[in-house]
Every structure is written in structure tokens, then in C-alpha cells.
Amino acid sequence: MHTLPPWRVFSTHDGYIKIVSPCGAEIATLDSREKPTTGSQEKNAGLILAAPILYLALNALQANPNDPAAHRMALDALRCANLPITSH
């Protein structure tokens, strides 16, 4: 079983990107100061943030490939992966 969404992502004052569960448990920490600095850590954080929604969407699509709601869920997950990271 995975940690249920919604997960939150934010950057800290010391250069880390944190992803936490709804109750504040840490899911992942990325060091945004690491090379390469082309925004790859922010993009990685977006993918991690979208993981539970992508998982649910893929399960729904597998169960019913023609379900419009499952397609919307997958599109929502893709949008979630590209949300800007806020400071915390």
C-alpha cells in the first residue's frame, strides 16, 4: 500500500525540495543544489508528487481503458507533475 494523496511539495530555505504526506510525514527529499542545475530536481519532485495520482489513474485505465473519468484522472496527474514548487 502506498501513502494516499494529496502529497505536498515545497522548497526549504536551505536548498532542499521536500515532499510530504497529508499528515506531514516525509516521503522524499531532493537536494536542489546538486548538479545538473537545469531544473531536473524540480522536475523529479513533480513526478514524485504525481506518483500516487498516476498510480490510481493507471489502475483505472487498466480496469476500463475507455473510461473518460480515468483519462481525466491521468491528465490531472500530468498537470500535477508540472505544478510550481512553493517556498516553505
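Values below: every heavy atom of this structure, side chains too, minus hydrogens, waters and symmetry copies.
- A single hydrophobic cluster is not seen to contain both V9 and Y16; linkage of ILVMFWY side chains at heavy-atom distances under 4.5 Å, directly or through other members, places them apart.
- Taken to the nearest 0.5 Å, the NZ atom of K18 stands 11.5 Å off from the OG atom of S11.
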Note to self: Could you walk me through whether H71 and D67 satisfy the side-chain contact (heavy atoms from CB on, under 4.5 Å) test, starting with their C-alpha distance in whole Å, then the side-chain angles of each, then the deciding distance to 0.1 Å, before giving a yes or no?
What the structure shows: CA-CA 7 Å; H71 286 267; D67 182 7; 5.5 Å; no
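- Taking CD1 of I48 as the start and CD1 of I27 as the end, the distance is 9.5 Å to the nearest 0.5 Å.
- Side-chain contact check for F10 versus V20: some heavy-atom pair is nearer than 4.5 Å.
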Under 3.5 Å, which donor-acceptor pairs do the side chains of residues 50-64 form with other protein atoms, sequence neighbours left out?
| from | atom 1 | to | atom 2 | distance (Å) |
| --- | --- | --- | --- | --- |
| N59 | ND2 | Y55 | O | 3.4 |
| N64 | OD1 | N66 | N | 3.3 |

